[in-house]
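I have placed the structure first, in the form of structure tokens, so that the comments after it can refer back to it.
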Amino acid sequence: MEFFQQAIQGVVEVLPMRLGDSRGYFAETFKRSAFEAAGVPAEFVQENQARSQKAGTVRGLHFQLEPMAQAKLVSVVAGSVFDVAVDIRRDSPTFGRHVSIVLSAERGNQLFVPVGFAHGYCTLEADTIIQYKVSKPYAPEYDREIFWGDPDLGINWPCRPEDTTLSARDLAAPTLTAAKDLF
């Protein structure tokens, strides 16, 4: 596995090595000892999977409050996504800044999103399946969101707002400025 530190400390792209032959390939997609050796926390307690039927489906920007704040290891099983992690750690010098990366099943890359970040993605292909491990279980009473299209975040999403598919929850999410009192 290769680990690539992103522009914000703690956000790491993970590239599992694929061993291929005439049948296809084999890859270790998670190995605790490799993550620990790279200095990436690797205590996961739950794994989730989501399928999006349409390209341009946006999910996020989601996070959980302490004591249920989650680190995530995000991968794509089918298709591809534009994946985003926004730093929401109040005392961080990079508060409000984001990292974005394209994750794809073809490439097999993953993104480690540490605790203290809101996470979201936009599907780039129809029938995209995303899978992610989390460090704490889903806890609806701690679950929050930030508006994906908040202009103050400066995220250059690859989809136009009028062409996106969103949940009612994500459409009604507050901006980062409005949400700061929530965390």
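Just so it is clear, the values below take in all heavy atoms, side chains as well, and ignore hydrogens, waters and symmetry mates.
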Neighbour count >12 (heavy atoms, 6.0 Å) for atom [atom1], [X]:
X	atom1	result
Glu106	CD	no
Gln53	CD	no
Gln9	CD	no
Asp163	CG	yes

So, do [X] and [Y] sit near enough that their side-chain heavy atoms are less than 4.5 Å apart?
X	Y	answer
Arg59	Ser167	no
Leu19	Tyr25	no
Lys72	Phe44	no
Glu2	Met17	no
Lys133	Gln46	no
Val115	Phe63	no

Checking [X] side chain against [Y] main chain: does a donor-acceptor pair fall under 3.5 Å?
X	Y	answer
Arg169	Leu166	no
Gln5	Val11	yes
Gln70	Lys136	yes
Thr123	Thr57	yes
Gln64	Pro137	yes
Asp87	Arg97	no
Trp148	Cys122	no

| query | Have Asn109 and Glu13 got a donor and an acceptor in their side chains that come within less than 3.5 Å? | reply | yes

| request: Compute whether any side-chain donor of one residue and acceptor of the other, for Ser92 and Thr94, lie under 3.5 angstrom apart. | output: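 Checked: Ser92/Thr94 side chains pair up, N/O donor to acceptor below 3.5 Å.
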
| message | Less than 6.0 angstrom separating the ring centers of Phe30 and Phe35, yes or no? | response |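 Under 6.0 Å, so yes.
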
| query | Checking side-chain contact (heavy atoms from CB on, under 4.5 Å) against Tyr121, which of Leu103, Val81, Leu111 comes through? | reply |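 Option passing the side-chain contact (heavy atoms from CB on, under 4.5 Å) with Tyr121: Val81.
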
| said: So, applying side-chain contact (heavy atoms from CB on, under 4.5 Å) with Gln110, which one of Val12, Thr29, Leu15 is it? | reply: Thr29

| query | In Å and rounded to the nearest 0.5 Å, what is the NE2 to CD1 distance from His98 to Ile155? | reply |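 It is 5.0 Å, given to the nearest 0.5 Å.
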
| said: To the closest 0.5 Å, what do you measure between CD (Glu125) and OG (Ser80)? | reply: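 It comes to 3.5 Å.
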
| message | What verdict does the side chain to side chain contact (heavy atoms under 4.5 Å, CB included) test give for Leu124 and Val102, after you've listed the backbone C-alpha separation in whole Å, the side-chain angles of each residue and the deciding distance to 0.1 Å? | response | CA-CA 9 Å; Leu124 301 173; Val102 172; 3.9 Å; yes

| field | Stepwise side chain to side chain contact (heavy atoms under 4.5 Å, CB included) test for Leu61 and Ile88 | value | CA-CA 11 Å; Leu61 300 160; Ile88 58 169; over 6 Å; no

